[in-house]
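Inspection log for the structure reproduced underneath, given as structure tokens.
On a predicted model such as this, the values are computed, not experimentally measured, just so you know.
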Amino acid sequence: MKDASGGFRLPPTASTTLTNGLRVHAMEHRALPMVAFDLIVCAGAAHDPPGREGLADLTADLLRKGTAARSAHQIADAVDFVGGALEGSSDQDGTRLTGEFLSKDLDMALDLLAEVVMAPAFAEEEVERLKGETIAELQGMRENPGLLASRRFADVLFAGHPYGHPNPGWESTVAAITRDDVKRFYEARYRPEDIILVAAGDLDSAEFLAGAEARFGGWAPAGSGGAVASRELPEPRRSAGRSIYLIDKPDSTQSQIRMGGLGPQRTDPDYTRISVANTIMGGGFTSRLVEEIRVNRGLSYGVSSRFYPLVHSGAFLISTFTKNATTRETIEVALGVMARFRDEGPTPEELDKARRYLKGTFAIGHQSPGSMADAMADIAFYGLPRDYYDTYLERLEDVTQADVRRVSARFPHDDMVILVLGQATEVGNELETLGPVTALPLVER
């Protein structure tokens with residue numbers, strides 16, 4: 001929301017920590033008769049046990065598929081009857097249940113949220129049904145080279161680290177998951193002290209905190225009192241030198257290219273400056289990568305770069321595709337663009353354009369109760385300063401050419417992972433001119 005000066009300010013926040021450790025935050029924003037909430041569990045794909053990758057994601061899906069009192073259909077009907085929404089998802093660090101309801105239905109929504117979080121049934125038939133759906137989706141991914149290349153890139157970038165666990169798992173690991181695995185994961189990871197509840201919209205903050213206390217305050221699973229789950233992970237190891245991987249897809253007429261390395265964690269002091277630098281290099285519609293690879297050379301219809309910040313570290317990724325015959329050229333052009341950006345820094349025009357672009361997307365993306373709840377949830381989960389989003393536009397304006405040139409040195413350069421998914425007989429010899437090539441199977445595990 002805008003403040004009196006035309007800047008952005010999140011609504012004031014009322015917060016409390018329940019006696020069992022569950023943290024609650026409420027923001028009043030009465031522009032619409034809606035309330036959105038995020039419930040975050042500090043456990044995600046990185047906490048999947050070895051051989052059970054996909055367990056966190058499956059558990060998140062199962063929360064809405066039946067409780068001790070209601071079936072999956074009854075839960076869905078209750079949400080649909082009031083025109084609400086209740087979804088579950090996971091990433092490497094955590095699991096989120098997000099909801100949006102009319103403010104008049106907030107009590108009903110909180111009752112339902114508490115029920116699905118504290119009393120899931122994990123019915124055997126629902127476990128098997130969702131496993132089957134996940135395996136079918138994973139099998140279908142073999143025919144989507146873009147998704148498969150991105151998935152395998154994370155696997156090799158975080159090799160040996162839990163961040164390499166894919167959210168939906170692998171076909172074999174999902175098939176191995178049992179109902180007992182789901183129950184054990186839930187009992188170990190769904191702890192009040194590892195949960196954050198945030199709500200924003202047309203609500204009374206004091207009433208919401210009291211309602212959260214009434215519904216969640218008595219929740220005391222056996223063995224409570226452990227450390228926050230997402231902070232248990234080791235730091236990922238940065239690869240040394242250039243690593244090239246080739247996945248053979250014999251029927252492919254194009255190569256999917258993924259290039260990158262480790263990036264900053266979400267709390268990095270340079271995160272805003274790095275975002276500006278990335279917008280100039282590959283994150284915007286008029287970025288250097290787009291200009292050189294698509295516009296000037298016609299090597300691809302699409303190319304982009306992006307940072308994926310996590311609790312402990314993150315990933316930097318360049319994504320593109322090209323004809324088999326121009327695979328090496330496209331990689332070399334991308335490497336050249338990165339090198340020149342590191343050496344030259346941005347022009348004043350590029351910096352101004354990037355700041356305006358990021359300001360525009362920020363303004364558009366932070367107007368609804370859902371976006372405000374997401375922002376406060378990020379602050380609470382990652383441990384960002386309370387005024388992080390309030391001061392974002394000011395931080396953008398303060399980014400200088402010298403800042404961008406300095407942080408561009410933090411992009412992967414010499415320590416670069418390059419993965420190509422394409423026809424090995426067409427691109428293999430060309431890739432070997434860039435360095436030693438490691439062949440990988442199309443589907444891991």
- request: Evaluate the criterion side chain to side chain contact (heavy atoms under 4.5 Å, CB included) for residue pair Phe362 and Tyr389; output intermediate values, then yes/no.
  value: CA-CA 9 Å; Phe362 180 82; Tyr389 288 98; 3.6 Å; yes

- prompt: Are Lys353 and Glu350 within salt-bridge range, i.e. N to O under 4.0 Å?
  reply: no

- prompt: Do Thr13 and His25 have a side chain donor and acceptor closer than 3.5 Å?
  reply: no

- prompt: Would a 4.5 Å heavy-atom cut-off, applied to side chains only, mark Trp170 and Leu138 as touching?
  reply: no

query: Roughly how far apart are Asp398 CG and Leu393 CG, rounded to 0.5 Å?
result: 11.0 Å

message: Could you report the tightest heavy-atom contact between Ala149 and Gln256, atom names first, then the distance?
response: CB-CB, 3.8 Å

- line: Closest non-hydrogen contact found for Val174 with Gly169 is CG2-CA, 4.2 Å

Pairing residues for Glu125 by the salt bridge (charged side-chain N to carboxylate O under 4.0 Å, His left out) criterion, not counting sequence neighbours: none

task: For residues Leu22 and Glu193, determine if any side-chain heavy atom of one lies less than 4.5 Å from a side-chain heavy atom of the other.
output: no

message: Using a strict threshold of under 4.0 Å (side-chain N to carboxylate O), is an ion pair present between Asp202 and Lys104?
response: no

task: Sorted by first residue and then second, give each side-chain hydrogen bond (donor to acceptor under 3.5 Å, both in side chains) pair with at least one member in residues 141-151; sequence neighbours left out.
output: Arg142-Glu171, Ser150-Arg258

field: Within 45° cone and under 6.0 Å: Arg405 NZ/CZ vs Phe341 ring
entry: no

field: From Glu124 atom CD to Thr178 atom OG1, the distance as rounded to the nearest 0.5 Å
entry: 8.0 Å

message: Looking at Glu292 and Arg288, is any side-chain nitrogen of the basic one under 4.0 Å from a carboxylate oxygen of the acidic one?
response: no

task: Taking the side chain as every heavy atom from C-beta outward, state whether Pro192 and Phe216 have any atom pair closer than 4.5 Å.
output: no

- prompt: Under 3.5 Å, side chain of Arg306 to main-chain N/O of Ile318, donor-acceptor pair present?
  reply: no

- request: Any chance you could lay out the salt bridge (charged side-chain N to carboxylate O under 4.0 Å, His left out) test for Glu187 and Lys183, step after step, and finish with the verdict?
  value: CA-CA 6 Å; Glu187 291 167 359; Lys183 290 180 62 179; 5.0 Å; no

message: For Gly422, is there any backbone N or O sitting under 3.5 Å from a side-chain donor or acceptor partner on Ser252?
response: no

task: Would you check if the side chain of Asn167 reaches a backbone N or O of Asp57 as a donor-acceptor pair within less than 3.5 Å?
output: no

message: Tell me if a side-chain donor or acceptor on Ser71 pairs with a main-chain N or O of Gln74 at a distance below 3.5 Å.
response: yes

- request: Using the six-membered ring wherever Trp is involved, compare the ring planes of Phe307 and Phe411 and label them parallel, tilted or perpendicular (cut-offs 30° and 60°).
  value: perpendicular

query: Counting heavy atoms not belonging to Arg30, are there more than 12 under 6.0 Å from its CZ?
result: yes

Just distance, no hydrogens or angles: give the donor-acceptor pairs under 3.5 Å from side chains in residues 77-87, sequence neighbours left out.
none

- prompt: Hey, does Ile177 have a side-chain heavy atom less than 4.5 Å from the side chain of Glu53?
  reply: no

message: In the structure I gave you, are the side-chain heavy atoms of Thr95 and Thr59 within less than 4.5 Å of one another anywhere?
response: no

Separation of Gln254 CD from Leu421 CG (nearest 0.5 Å): 11.5 Å

field: Euclidean distance, Tyr357 OH relative to Ser287 OG, rounded to 0.5 Å
entry: 9.5 Å

task: Test side chain to side chain contact (heavy atoms under 4.5 Å, CB included) on Val24 and Glu213 and set out the steps.
output: CA-CA 9 Å; Val24 187; Glu213 174 68 46; over 6 Å; no

- request: Tell me whether the guanidinium CZ or amine NZ of Arg266 lies under 6.0 angstrom from the six-membered ring centre of Tyr271 and within 45° of its axis.
  value: yes

query: Ignoring hydrogens and geometry, is there a side-chain-to-backbone donor-acceptor pair from His413 to Ser408 under 3.5 Å?
result: yes

message: Please check: side-chain N/O of Arg406 versus main-chain N/O of Ala402, any donor-acceptor pairing under 3.5 Å?
response: no

message: Are more than 12 heavy atoms, taken from residues, nucleotides or ligands other than Arg386, located less than 6.0 Å from that residue's CZ atom?
response: yes

- prompt: Is there side-chain contact between Leu262 and Asp415, with heavy atoms separated by less than 4.5 Å?
  reply: no

message: Could you check whether any side-chain heavy atom of Leu63 comes within less than 4.5 Å of a side-chain heavy atom of Phe122, counting everything from C-beta outward?
response: yes

Contacts of Asp105 that satisfy salt bridge (charged side-chain N to carboxylate O under 4.0 Å, His left out) - sequence neighbours left out: none

message: I'd like to know whether Leu299 forms a side chain to side chain contact (heavy atoms under 4.5 Å, CB included) with Thr320, so could you lay out the CA-CA distance, the side-chain angles of the two residues, the decisive distance to 0.1 Å, and finally the verdict.
response: CA-CA 9 Å; Leu299 294 170; Thr320 190; over 6 Å; no

- prompt: Is it the case that Thr272 and Ser275 place a side-chain donor and acceptor less than 3.5 Å from each other?
  reply: no

- line: In short, Ile75 meets Gly66 closest at the heavy-atom pair CD1-N, 3.6 Å

query: Donor-acceptor pair, Glu28 side chain versus Ser205 backbone, under 3.5 Å?
result: yes

query: With Arg184, which residues qualify under salt bridge (charged side-chain N to carboxylate O under 4.0 Å, His left out), at least two apart?
result: Asp181

- prompt: Is a side-chain N or O of Ser300 found less than 3.5 angstrom from the main chain of Gly302, in a donor-acceptor match?
  reply: yes

message: Does any part of the side chain of Ile247, heavy atoms only, come nearer than 4.5 Å to the side chain of Leu419, both counted from C-beta?
response: yes

query: Could you state the interatomic distance from CG (Asp48) to CD (Gln92), rounded to the nearest 0.5 Å?
result: 9.0 Å

- request: Check the side chains of Gln265 and His312 for a donor-acceptor pair under 3.5 angstrom, ignoring hydrogens and angles.
  value: no

message: Just to verify, what does Glu207 make a salt bridge (charged side-chain N to carboxylate O under 4.0 Å, His left out) with, not counting sequence neighbours?
response: none

- request: Just do the side chain to side chain contact (heavy atoms under 4.5 Å, CB included) check on Phe101 and Leu106 with the steps written out, would you?
  value: CA-CA 7 Å; Phe101 291 82; Leu106 179 57; over 6 Å; no

task: Output the distance between atom CZ (Arg356) and atom CG (Leu351), rounded to the nearest 0.5 Å.
output: 10.5 Å

query: What about Phe158 and Phe153, are their ring centers closer than 6.0 Å?
result: no

- prompt: Charged N to carboxylate O under 4.0 angstrom, Asp270 versus Arg395?
  reply: no

task: May I ask you to check whether Asp93 and Tyr163 show a side-chain donor-acceptor distance below 3.5 Å?
output: yes

- request: Ignoring hydrogens and angles, tell me if any N or O in the side chain of Asp387 forms a donor-acceptor pair with the backbone of Asp390 under 3.5 Å.
  value: no

Ser371 vs Asp374, side-chain hydrogen bond (donor to acceptor under 3.5 Å, both in side chains): CA-CA, chis, key distance, verdict: CA-CA 5 Å; Ser371 63; Asp374 289 345; over 6 Å; no

query: Sub-3.5 Å donor-acceptor pair from the side chain of Arg152 to the main-chain atoms of Pro441, do we have one?
result: yes

task: Please check if atom NZ in Lys359 has more than 12 non-hydrogen atoms from other residues, nucleotides or ligands closer than 6.0 Å.
output: yes

